[in-house]
Undergrad: 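Sharing a structure below in structure tokens format, with a few things to ask.
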2 protein chains.
Amino acid sequence: MTMTHTQSRFNSTLTSQCQNCSLSALCLPIALADEDINRLDQIIERKKPLKKGDFLFRQGEAFDSVYAVRSGTLKTFNITSYGEEQITGFYCPSELVGLSGIDSNIYPVSAKALETTTVCEIPFSHLEELSSQIPSLKHQLFKVMSRKISDDQQMMVLLGKKNADEKVASFLLNLSTRFKKRGYSASAFRLSMSRGEIGNYLGLAVETVSRVITRFQKSELIHVDGKEIEIIDFPEIQKLVGVASDCGKIANI
Amino acid sequence: MTMTHTQSRFNSTLTSQCQNCSLSALCLPIALADEDINRLDQIIERKKPLKKGDFLFRQGEAFDSVYAVRSGTLKTFNITSYGEEQITGFYCPSELVGLSGIDSNIYPVSAKALETTTVCEIPFSHLEELSSQIPSLKHQLFKVMSRKISDDQQMMVLLGKKNADEKVASFLLNLSTRFKKRGYSASAFRLSMSRGEIGNYLGLAVETVSRVITRFQKSELIHVDGKEIEIIDFPEIQKLVGVASDCGKIANI
DNA sequence: GGTAAATCTTGATCTAGGTCAGAAAGAGCC
DNA sequence: GGCTCTTTCTGACCTAGATCAAGATTTACC
């Protein structure tokens with residue numbers, strides 16, 4: 001294993017890199033004490049950037065690491081029985097990719113860069129070991145995985161019950177929320193994925209995505225210029241989504 | 001907390017109950033040493049059975065425990081913005097319910113019994129604490145959550161890409177696999193959920209589920225008698241599913 | 001900077017599965 | 001055993017979104 005080698009190349013500064021990272025408030029280190037961040041920092045390897053279209057890992061490969069996105073965007077996808085791609089998620093900075101590989105020790109999906117993307121590689125065996133020593137890190141890991149489970153379930157609701165307008169509105173609002181959390185504008189952002197990829201992810205044909213976006217633009221819910229999106233009428237978009245995003249707070253049957 | 005009280009009532013025998021449980025080979029204790037099973041056993045509370053229609057927990061309630069199903073079946077579901085139910089999962093014996101509550105400390109779904117059902121309540125804070133002391137338990141927990149993530153992603157593929165026949169075939173095959181793992185017949189079993197609930201889960205109308213099942217019966221893929229299902233032509237059902245279930249082994253692009 | 005390839009848009013048509021309606025078969029319940 | 005309530009089945013119709021087709025625009029690459 002050449003890890004120490006690579007580490008010395010990337011981690012040569014004395015101060016923790018995680019501590020300096022603008023994403024530390026969102027990524028794993030949240031709620032860690034300074035000395036613990038340093039220990040986490042030791043096991044993390046900063047990889048050189050992926051170019052658009054590069055694979056981070058491929059479906060079927062041996063699982064050994066999870067990855068935190070530092071910049072750029074990734075998509076994960078399955079190849080279905082007849083060779084078509086099914087996108088299962090998009091990953092923005094501070095988000096963790098690869099957690100689904102823990103169970104079988106094999107990545108059940110492929111991960112590919114949608115644009116130039118940098119990631120931190122976190123060897124899972126080290127992370128697991130460290131999590132025994134740092135309870136708050138373990139808790140954080142459980143939380144991240146739990147969050148992924150409930151997010152995926154929201155996605156199942158979207159795929160199973162929503163119509164095209166609701167799907168696209170949910171998608172835009174979801175991105176908006178994620179950008180906002182990271183300190184970027186919640187109303188204006190750039191889509192790093194193609195219309196085709198959006199459709200694939202949402203269970204819609206490309207043409208439908210295009211038509212819905214055009215329609216939203218005409219009804220002045222959003223303003224579109226190619227991949228640049230500006231959400232103009234938040235209340236209306238939220239109404240379409242059904243504000244199901246926080247239905248945890250809604251009264252029960 | 002009245003736990004010790006309740007424990008003494010349910011856990012009074014000296015031998016570990018987990019150890020005697022027929023599900024221990026599938027549930028959390030897998031890969032645990034005897035003394036560790038005993039420690040896990042101490043924190044588990046066997047609850048009295050739920051009757052059909054009883055809630056185990058409700059969307060929005062404070063999260064404090066995960067539950068292992070001992071017998072019977074549960075469904076979890078969201079209430080969407082306009083009051084309809086969206087089923088996000090069915091849970092059979094040995095399966096763990098409630099993991100999605102860890103992140104927000106609130107159950108993001110409700111869980112309801114489909115028939116008389118017994119569960120083991122596992123207070124999460126205790127489980128988490130114990131997992132620090134027993135690395136294999138921690139690993140097992142990570143695996144269970146990871147498995148849930150990849151299963152849910154398979155479900156997203158199903159909802160986003162499959163047609164009605166493929167959805168129903170996948171559903172039947174999935175149940176079959178789960179029953180088999182537990183030592184029951186893989187080919188003949190009883191559906192504990194209604195056609196309506198199947199449709200809800202698969203993103204189909206009741207009528208469509210009914211029609212597909214009838215069609216499968218006519219083409220002699222399955223034999224149906226009310227809720228009793230017998231899978232007759234496994235190869236054909238698998239062909240419909242596309243054997244996408246183990247596409248992890250398929251070559252990557 | 002120019003050309004080929006990919007992506008996006010828009011219109012016209014088609015269809016899988018939804019919706020509506022009613023009959024048949026179970027499941028509780030007194 | 002009869003009554004009601006729920007679930008399941010089946011047929012007739014309809015619609016949201018897929019598919020097909022063909023331009024328009026963007027992106028990538030020499």
Side-chain angles (χ1 to χ4, degrees), chain A residues 51-54 73 75 80 82 84-87 112-116 158-172 190-219 222-229 240, chain B residues 51-53 75 80 82 84-87 112 114-116 158-172 190-219 222-229 240 253:
Chain A
K51 289 195 301 293
K52 177 173 179 174
D54 286 352
T73 324
K75 67 173 172 184
T80 64
Y82 279 100
E84 27 162 22
E85 168 177 325
Q86 165 70 42
I87 297 174
K112 202 178 205 175
L114 293 181
E115 57 192 323
T116 303
L158 177 145
L159 289 168
K161 285 271 174 301
K162 296 187 177 180
N163 64 27
D165 283 13
E166 292 165 345
K167 284 179 178 180
V168 174
S170 303
F171 179 71
L172 293 176
R190 183 169 198 288
L191 300 175
S192 45
M193 65 292 290
S194 70
R195 304 285 194 269
E197 287 166 327
I198 296 173
N200 182 303
Y201 180 58
L202 298 177
L204 295 173
V206 206
E207 295 93 327
T208 306
V209 174
S210 182
R211 275 187 257 266
V212 171
I213 288 182
T214 307
R215 189 141 26 82
F216 280 3
Q217 156 122 283
K218 278 185 183 142
S219 9
I222 61 177
H223 180 260
V224 189
D225 176 20
K227 305 226 160 198
E228 301 291 337
I229 298 281
L240 268 173
Chain B
K51 290 195 303 291
K52 178 174 177 170
K75 66 173 174 186
T80 64
Y82 278 99
E84 28 162 22
E85 168 177 326
Q86 164 70 39
I87 296 175
K112 202 177 204 175
L114 293 181
E115 56 192 323
T116 303
L158 178 145
L159 289 168
K161 287 271 174 301
K162 296 187 177 179
N163 64 28
D165 283 14
E166 293 165 346
K167 283 180 178 181
V168 174
S170 302
F171 179 71
L172 294 176
R190 182 168 200 289
L191 300 174
S192 45
M193 64 293 291
S194 70
R195 303 284 192 269
E197 286 167 327
I198 295 173
N200 183 304
Y201 180 58
L202 298 178
L204 296 173
V206 206
E207 296 92 328
T208 306
V209 175
S210 181
R211 275 186 258 263
V212 171
I213 289 182
T214 306
R215 190 140 28 82
F216 281 2
Q217 156 122 282
K218 278 185 185 147
S219 8
I222 60 177
H223 181 259
V224 188
D225 177 19
K227 306 224 160 203
E228 301 292 337
I229 298 282
L240 268 173
I253 283 189

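So that the names make sense, note that chain A is the first sequence line, chain B the second, and so on, each numbered from 1.
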Undergrad: Which residue is it: B:L172, B:D165, B:N163, B:V168? I am looking for the one with a side-chain contact (heavy atoms from CB on, under 4.5 Å) to B:L240.
TA: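 Running side-chain contact (heavy atoms from CB on, under 4.5 Å) over B:L172, B:D165, B:N163, B:V168 with B:L240 returns exactly one hit, B:D165.
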Undergrad: May I ask you to check whether B:S170 and B:K162 show a side-chain donor-acceptor distance below 3.5 Å?
TA: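 Indeed, the side chains of B:S170 and B:K162 share at least one donor-acceptor pair under 3.5 Å.
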Undergrad: Could you tell me which residues satisfy salt bridge (Lys or Arg N to Asp or Glu O under 4.0 Å) with A:K75, sequence neighbours excluded, listed by chain and number?
TA: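 With neighbours one apart ignored, the set is A:E85, A:E197.
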Undergrad: Identify whether the distance between the nearest side-chain nitrogen and carboxylate oxygen of B:E228 and B:R190 falls below 4.0 Å.
TA: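 Salt bridge: yes.
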Undergrad: For the NZ atom on A:K227, are there more than 12 heavy atoms of other groups (residues, nucleotides or ligands in this structure) within a distance under 6.0 Å?
TA: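 Atom NZ in A:K227 is crowded, with more than 12 foreign heavy atoms closer than 6.0 Å.
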Undergrad: Does B:K51 NZ have over 12 foreign heavy atoms under 6.0 Å away?
TA: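 Incorrect, the count does not exceed 12.
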Undergrad: What does the B/S/- profile of nucleotides 21-30 of chain C look like, 5' to 3', with a 4.0 Å heavy-atom cutoff to protein?
TA: ----------
Undergrad: Is a donor on one side and an acceptor on the other found under 3.5 Å between the side chain of A:Q217 and the backbone of A:V224?
TA: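 Yes.
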Undergrad: More 5' along DNA chain D: A:N163 or B:I213, using each one's nearest nucleotide?
TA: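 Whichever sits nearer the 5' end wins; that is B:I213.
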Undergrad: Supply the atom-to-atom distance A:R211 CZ to A:K218 NZ, rounded to the nearest 0.5 angstrom.
TA: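 Rounded to the nearest 0.5 Å, the CZ-NZ separation comes to 11.0 Å.
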Undergrad: Does B:E84 have any salt bridge (Lys or Arg N to Asp or Glu O under 4.0 Å) partners at least two apart in sequence or in another chain, and if so, which?
TA: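 Checked B:E84 against salt bridge (Lys or Arg N to Asp or Glu O under 4.0 Å); zero matches.
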Undergrad: Looking at B:Q86 and B:Y201, what are the two nearest heavy atoms and their distance?
TA: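 Taking B:Q86 first and B:Y201 second, the nearest heavy atoms are NE2-O, 4.3 Å.
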Undergrad: Would a distance-only check, ignoring hydrogens and angles, find a side-chain to backbone donor-acceptor pair under 3.5 Å from B:S210 to B:V206?
TA: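 No, the answer is negative, given that no donor and acceptor are paired below the 3.5 Å cut-off.
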Undergrad: When the C1' atoms of the five terminal pairs at each end define the local axes, what inter-axis angle does the helix from C:dT9-D:dA22 to C:dC30-D:dG1 show, to 10 degrees?
TA: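 The angle, to the nearest 10 degrees, is 50°.
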Undergrad: Return the residues of residues 193-206 of chain B meeting this criterion: a heavy atom under 4.0 Å from some atom of DNA chain D. Order them by number, or give none.
TA: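 Those residues are B:S194, B:R195, B:G196.
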Undergrad: When you check the phosphate oxygens OP1 and OP2 of C:dA16, does a side-chain N or O of B:T208 lie under 4.0 Å from one of them?
TA: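 For B:T208, the contact criterion (side-chain N or O under 4.0 Å from OP1 or OP2 of C:dA16) is not met.
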Undergrad: With a strict under 4.0 Å distance from non-hydrogen atoms of chain B, what nucleotide opens and what nucleotide closes the contacted stretch of DNA chain D, reading 5' to 3'?
TA: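 With heavy atoms of chain B under 4.0 Å away, the range is D:dT8 to D:dA12.
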Undergrad: For A:L159 and C:dG17, what is the distance between atoms CG and P respectively, to the nearest whole Å?
TA: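 Rounded to the whole Å, the gap is 15 Å.
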Undergrad: Look up atom CD1 in B:I198 and atom CD1 in B:I213, then write down how far apart they are to the nearest 0.5 Å.
TA: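 Result: 5.0 Å between the selected atoms.
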Undergrad: What pair of heavy atoms forms the shortest contact from B:L204 to B:A164, and how long is it?
TA: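 The pair with the smallest heavy-atom distance is CD2-CB, 3.9 Å.
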Undergrad: Rounded off to whole Å, could you give me the NZ-to-C1' distance for the A:K227 and C:dC8 pair?
TA: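 After rounding, the reported distance stands at 10 Å.
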Undergrad: To the nearest Å, how far apart are A:R215 CZ and C:dC8 P?
TA: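 Rounding to the nearest Å, CZ of A:R215 and P of C:dC8 are 18 Å apart.
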